[in-house]
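Single-structure report; data block below.
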Amino acid sequence: MKRRKSGRVALCGMMCALAMTLMLAGSIFPFATFCGPAIGGILLMPVAMECGMQLAWMCYGALSLLTILFLPDKESALIFVFLFGHYPLLKGYIQRLPGRWLQAVVKTAAFNLLVLACYGVLLYLFPVEYIVREFASQAPLAVGGMLLLGNVCFWVYDAALTNLARVYVARFRPLLLRFL
């Protein structure tokens, strides 16, 4: 079935608008600092599957720029840019590597390096005052524990992405293909 170019562009626009709306809503509620960017990243999966990786990376770039410019919670914006925005796209490349152990090592290393880069930017390059105070008041052991807990949450997110991709292909893709 040949897909119309206008349908693909509309899908990209709708997913970007929905992702931005959810991330803006996530900025309102303090507990959603991580949930908004994670859901925003998930919404790029259908774009990658239906429109190709090139358009998905373009959507990620546009969303990254918009989140930096318009999200009031800069921590949430940088979490999208560094961690959750591109991970669903990056996951497709990592899963092409041979062997599950190599994939797991690459995923874990990428996550930890990106977390350190994200919070390095937040603490040193563009210091966000409340985050600097929060990190200064905690012991290094507590920060290490938070990183360990972040790794556990990352693996839950990774498994959720895999399951959501399966559900999308089985249930939602046939409905969406009627319109593309």
Side-chain angles (χ1 to χ4, degrees), residues 15-16 19 22-23 26 31-65 67-68 71 73-128 131-132 134-136 138-170 172-173:
M15 289 298 169
C16 284
L22 290 171
M23 284 189 281
F31 62 85
T33 299
F34 297 98
C35 296
I39 294 171
I42 289 170
L43 292 173
L44 292 177
M45 282 186 356
V47 174
M49 290 180 186
E50 304 306 331
C51 305
M53 292 302 280
Q54 185 177 8
L55 278 177
W57 283 108
M58 289 175 65
C59 286
Y60 162 72
L63 275 170
S64 295
L65 183 63
T67 57
I68 297 236
L71 277 185
D73 183 5
K74 295 307 176 196
E75 181 181 16
S76 183
L78 288 177
I79 286 170
F80 177 80
V81 171
F82 279 93
L83 298 172
F84 294 125
H86 63 81
Y87 181 72
L89 307 178
L90 190 62
K91 179 180 170 68
Y93 295 117
I94 293 173
Q95 288 190 241
R96 294 179 190 162
L97 295 174
R100 291 188 182 264
W101 284 102
L102 179 60
Q103 292 173 10
V105 167
V106 170
K107 287 177 185 180
T108 305
F111 173 75
N112 286 303
L113 287 173
L114 290 168
V115 164
L116 294 175
C118 178
Y119 281 96
V121 167
L122 282 169
L123 292 171
Y124 300 110
L125 194 56
F126 302 112
V128 177
I131 295 174
V132 172
E134 184 177 326
F135 273 81
Q138 294 179 354
L141 190 59
V143 173
M146 287 180 3
L147 184 60
L148 181 64
L149 184 61
N151 276 279
V152 171
C153 292
F154 166 74
W155 282 105
V156 170
Y157 181 69
D158 183 69
L161 283 175
T162 301
N163 291 330
L164 285 170
R166 287 183 188 140
V167 168
Y168 170 76
V169 168
F172 296 107
R173 190 177 208 185

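As the structure is a computational prediction, the values presented were derived from the model and not from experiment. We use all heavy atoms of the structure for the numbers below, so side chains are in, but hydrogens, waters and symmetry mates are not. Starting from 1, each residue takes its place in the sequence as its number.
Atom SG of Cys118 sits about 13.0 Å away from atom CG of Leu113, to the nearest 0.5 Å. Put simply, CG on Asp73 and OG1 on Thr33 are 4.5 Å apart, with the number rounded to the nearest 0.5 Å. With rounding to the nearest 0.5 Å, the separation of CG in Leu63 from CE in Met23 is 5.0 Å. In this structure, Phe34 CZ and Ile39 CD1 are separated by 14.0 Å, a value rounded to the nearest 0.5 Å.
A donor-acceptor pair is defined here as one N or O able to donate and one able to accept, closer than 3.5 Å; no such pair exists between the side chain of Asp158 and the backbone of Phe154.
Each of Ile68, Thr67, Leu71 was scored for a side chain to side chain contact (heavy atoms under 4.5 Å, CB included) with Phe80, with one residue passing: Thr67. When Ile79, Leu147, Leu78 are each tested for a side chain to side chain contact (heavy atoms under 4.5 Å, CB included) with Tyr119, only one passes: Ile79.
Using a 4.5 Å heavy-atom cutoff, the side chains of Met15 and Cys59 are not in contact.
Residue Pro88 comes nearest to Tyr157 through the heavy atom pair CG-OH, 3.8 Å, listed as atom of the first residue, atom of the second, then distance. Nearest approach of Phe84 to Pro37, heavy atoms of both residues: CB-O, 3.4 Å. Summarising the geometry of Ala165 relative to Met49, their closest heavy-atom pair is CB-CE, 3.6 Å, with the distance given to 0.1 Å. Between Leu43 and Val47, the closest heavy-atom pair is O-CG2, 4.0 Å.
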Checking side-chain hydrogen bond (donor to acceptor under 3.5 Å, both in side chains) for the pair Gln103/Lys107: CA distance, chi angles, key distance, verdict? CA-CA 6 Å; Gln103 292 173 10; Lys107 287 177 185 180; 4.8 Å; no
Would you check, one step at a time, whether the test side chain to side chain contact (heavy atoms under 4.5 Å, CB included) holds for Leu114 with Tyr87? CA-CA 10 Å; Leu114 290 168; Tyr87 181 72; over 6 Å; no
Check the pair Glu50, Tyr168 against side chain to side chain contact (heavy atoms under 4.5 Å, CB included), reporting the backbone distance first and the verdict last. CA-CA 11 Å; Glu50 304 306 331; Tyr168 170 76; 2.7 Å; yes
Met53 and Leu89: side chain to side chain contact (heavy atoms under 4.5 Å, CB included), yes or no, with the steps? CA-CA 7 Å; Met53 292 302 280; Leu89 307 178; 3.8 Å; yes
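Between Tyr60 and His86, the ring planes are perpendicular. Angles over 60° get that label, and only those under 30° would be called parallel.
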